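All chains are named by letter (A, B, ...) in the order of the sequence lines, taking the proteins before the strands, and each is independently numbered beginning at 1. Small disclaimer: the values here were computed from a predicted structure and weren't measured.
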Protein chains: 2
Amino acid sequence: MTEMSSATIADVAKRAGVSSATVSRVINRNYPVATSTRERVEAAIAELGYVANAHARALAGSTNRTVGIIINDVVDPFYAYIARGVEREATVHGRLCMVCCTQGSHEKELALIDLLHEQRADAVILVGGAHEDRAYAAEVGRRARALHTAGSTLVLCGRPSLGDDVPTKVVEYDNEGGAFAITDYLITQGHRRILFLGGPPSLSTTIARLAGHRRALEMRGLAQAKELVHTGSFNRRFGYDKVRALLAEGLDFTAIFAANDTVAAGVMQALELAGVSVPEEISVVGYDDVPVAQELRPQLTTVRIPLEEMGRQAVRLALGVAGESDYLAPVQTTTRVGTSIVVRGSVAPPR
Amino acid sequence: MTEMSSATIADVAKRAGVSSATVSRVINRNYPVATSTRERVEAAIAELGYVANAHARALAGSTNRTVGIIINDVVDPFYAYIARGVEREATVHGRLCMVCCTQGSHEKELALIDLLHEQRADAVILVGGAHEDRAYAAEVGRRARALHTAGSTLVLCGRPSLGDDVPTKVVEYDNEGGAFAITDYLITQGHRRILFLGGPPSLSTTIARLAGHRRALEMRGLAQAKELVHTGSFNRRFGYDKVRALLAEGLDFTAIFAANDTVAAGVMQALELAGVSVPEEISVVGYDDVPVAQELRPQLTTVRIPLEEMGRQAVRLALGVAGESDYLAPVQTTTRVGTSIVVRGSVAPPR
DNA sequence: CTGAAAGCGCTAACAT
DNA sequence: ATGTTAGCGCTTTCAG
């Protein structure tokens with residue numbers, strides 16, 4: 001059995017008959033080394049199966065060359081696409097990506113920011129909407145400052161800024177605008193009684209979507225009927241159950257705006273089961289444009305968010321990679337991406 | 001502006017008027033410390049916003065408390081569910097999880113194993129089928145040995161062992177058995193001409209599925225018709241294009257076994273477009289049982305793999321957590337989970 | 001072009 | 001109960 005501990009740079013140095021400084025130089029290629037020396041060192045590395053210790057490196061040098069991302073859940077496509085963008089852009093900049101999941105727990109989220117800070121991540125990216133909660137916001141703010149002081153950056157991706165006095169960078173998308181646009185589209189098609197379904201009521205994401213929805217209604221002189229708004233959660237089950245219940249109680253509406261595509265999938269299934277045809281009898285729209293939107297029948301008309309691009313922007317912002325080559329620009333601190341509606345087959349004029 | 005470098009344990013010690021060892025003790029709670037001292041130290045930590053440096057810790061102590069997972073792509077649900085299992089089980093054992101993506105590149109995969117080794121991950125989990133390639137297998141084997149020597153573990157999750165002389169642990173699922181079962185189900189329903197579609201031909205995953213398929217055929221005395229096997233890739237597009245082409249050339253078949261659910265989604269869309277009804281005219285089955293299977297209409301009959309459980313097993317195996325409390329058992333090195341067919345609405349007897 | 005030596009921030013004996 | 005003191009493995013001046 002081989003010994004249970006790896007070779008160190010000193011072992012390599014001894015074997016190659018040089019100093020450890022020289023070994024470091026051939027590894028990092030940041031300093032001239034004679035070819036013959038380099039070859040001897042490389043041979044020693046291979047023979048010993050030497051693998052540098054990233055911790056010792058991080059400790060001696062400065063940066064750890066990693067970025068951390070904190071999301072709710074890897075299997076949720078909303079997060080997965082953002083994570084993909086982060087992962088890819090991090091790779092482009094030679095960074096390793098650490099993905100952590102909160103399962104929606106605030107405490108876990110705060111603990112993960114700390115953990116990533118301990119790891120000395122070059123950036124920690126917090127993804128997804130935030131619940132309104134002053135105490136929690138204060139905790140996040142405290143950590144943002146700590147990270148900033150340590151030379152790292154907290155970036156908020158898809159959630160509102162914590163205020164100008166909190167050192168974060170933010171990547172936002174036009175959430176309200178997307179909701180406005182798709183509601184207006186529904187109105188244009190002739191719908192007047194539109195059911196808004198899903199989304200945790202205190203989540204910033206839900207609030208913005210609801211605000212856009214309401215603004216569109218008001219712009220057309222339509223009052224927002226209280227019985228038509230049913231927030232709750234972002235899962236499929238909610239859409240399914242709620243539609244079943246509302247159908248049973250005979251509520252009057254001609255279209256449904258699901259707070260996201262997942263909820264819309266549940267909505268469509270409930271409608272299907274009740275024998276209600278989409279879009280002939282009821283129109284349905286969603287939000288996010290994740291893959292399921294294209295699998296539903298009819299295919300779902302929804303709002304597209306450039307999720308992967310948001311992830312990329314988050315790491316660019318954090319790493320200070322110039323978007324434009326304007327060398328006089330101050331360090332950019334906020335990026336905003338647009339949303340757009342994608343029309344498929346789930347909307348028709350009401351009967 | 002606060003100074004741009006974080007407080008160290010020495011700063012905390014000075015401020016609290018104790019030695020750094022004492023600070024270390026209160027942080028790690030692994031040694032008695034007087035209550036009054038502890039309080040002073042905690043106050044100092046809070047005032048300074050001290051956050052321990054995980055690298056210094058990893059360097060001084062031994063383990064880094066992280067596990068790494070290498071997958072093709074975060075947004076692919078097959079990988080995402082396994083990643084979720086890894087993430088959750090890692091958390092249970094107090095480990096942080098680093099997720100890395102290869103985009104299907106062998107070189108990147110090897111580089112990532114090295115990277116994770118450099119990070120001194122407690123385990124590196126390699127997920128998904130492998131291509132047949134001796135040189136590549138040798139490279140993976142070399143890294144498995146290096147990891148082993150360093151006291152870490154390479155676990156192969158969903159791919160075949162590299163042989164008994166290579167120190168890895170493996171989590172496998174009954175891939176061949178699932179393919180056998182679902183093919184047999186199709187035959188039982190009366191199908192004789194079954195199209196096998198998709199999966200990279202040299203990937204171990206595809207090979208096993210095809211083998212199970214063939215075995216079921218043979219067991220029923222049916223010869224495998226060459227024109228009925230079309231491997232290719234695991235994406236939706238492949239399923240769509242291939243079915244369109246085969247339909248156009250008038251190939252005779254009554255059922256399609258898509259190598260995974262994603263391919264099945266493409267298959268179903270092509271069938272829909274061609275006006276072929278499922279399952280009345282053509283039956284379709286998939287593999288994996290990822291969410292899309294339930295969104296398709298009709299819902300897809302497919303083979304279920306306990307993906308998340310595989311991820312959990314992988315970390316348990318790597319960390320040496322006893323599955324059973326059999327304290328005499330040797331260190332377990334392989335786990336195998338079963339697959340099962342889930343019957344939904346996409347299969348019917350042929351006309 | 002190469003070596004010597006001083007840390008980086010922390011933990012773990014070993015003292016007291 | 002607390003302090004002292006070595007390192008952990010690497011990078012990086014500073015000297016040759």
- Message: Check this one for me: any side-chain N or O of B:Ser19 less than 4.0 Å away from OP1 or OP2 of D:dG3?
- Response: yes

- Most 5' of A:Pro32 and A:Ala21 on DNA chain C, judged by nearest nucleotide: A:Pro32

- Integer-rounded Å distance: C:dC8 P and B:Ile9 CD1: 14 Å

- Check the distance between D:dC8's P and B:Glu118's CD and give it to me in whole angstrom. 20 Å

- Output the single nucleotide from D:dG9, C:dG9, C:dT11 whose closest atom is nearest the side chain of B:Arg57. C:dT11

- Message: Closest approach to the side chain of A:Thr8, judged atom by atom: which nucleotide of C:dA12, D:dC10, C:dG9 is it?
- Response: D:dC10

- Intermediate values then yes/no, salt bridge (charged side-chain N to carboxylate O under 4.0 Å, His left out), B:Arg142 and B:Glu139: CA-CA 5 Å; B:Arg142 184 184 336 285; B:Glu139 285 299 320; 3.0 Å; yes

- Task: Name the orientation class of the two ring planes belonging to B:His55 and A:His55 (parallel below 30°, tilted from 30 to 60°, perpendicular beyond 60°).
- Result: tilted

- Message: Taking 4.0 Å as the cut-off, does a side-chain nitrogen or oxygen of B:Tyr50 come that near to OP1 or OP2 on C:dC10?
- Response: yes

- Query: Has B:Thr22 got a side-chain N or O lying under 4.0 Å from the OP1 or OP2 atom of D:dA1?
  - Reply: no

- Item | Donor-acceptor contact below 3.5 Å, side chain A:Thr149 vs main chain A:Arg145 | yes

- Using whole Å, report how far CZ of B:Arg120 lies from C1' of D:dG9. 9 Å

- Task: Send over the distance from A:Asn53 CG to C:dC8 P, rounded to a whole Å.
- Result: 18 Å

- Task: Answer with yes or no whether A:Arg25 presents, from its side chain, a donor or acceptor under 3.5 Å of a partner atom in the base of C:dG3.
- Result: yes

- From the options D:dT2, C:dC1, C:dC8, select the nucleotide whose nearest atom is closest to the side chain of A:Ala60. C:dC8

- Sugar-phosphate only, base, or nothing, as touched by A:Ser24 at under 4.0 Å among non-hydrogen atoms: base

- Note on the structure: Rounded to whole Å, the CG-P distance (A:Leu48 to D:dG9) equals 13 Å

- Atom CG of B:Asn30 and atom P of C:dC10: how far apart are they, to the nearest Å? 15 Å

- Query: If you take all heavy atoms of B:His131 and B:Tyr136, which pair is closest and at what distance?
  - Reply: O-CD2, 4.1 Å

- Query: If you check the A:Asn28 side chain, which of D:dT11, D:dT2, D:dG9 turns out closest?
  - Reply: D:dT11

- From CG of A:Leu59 across to P of C:dT11 the rounded distance in Å is 12 Å

- Measure across A:Ala123 and A:Ala318 and return the closest heavy-atom pair with its distance rounded to 0.1 Å. CB-CB, 3.4 Å

- Output yes when at least one side-chain N/O atom of B:Thr37 is less than 4.0 Å from OP1 or OP2 of D:dT2, else no. yes

- Query: Which part of the nucleic acid does B:Val23 contact within heavy-atom distance under 4.0 Å: base, sugar-phosphate only, or nothing?
  - Reply: nothing

- Task: Would you mind reading off the distance between A:Arg29 atom CZ and C:dT2 atom P, rounded to a whole angstrom?
- Result: 15 Å

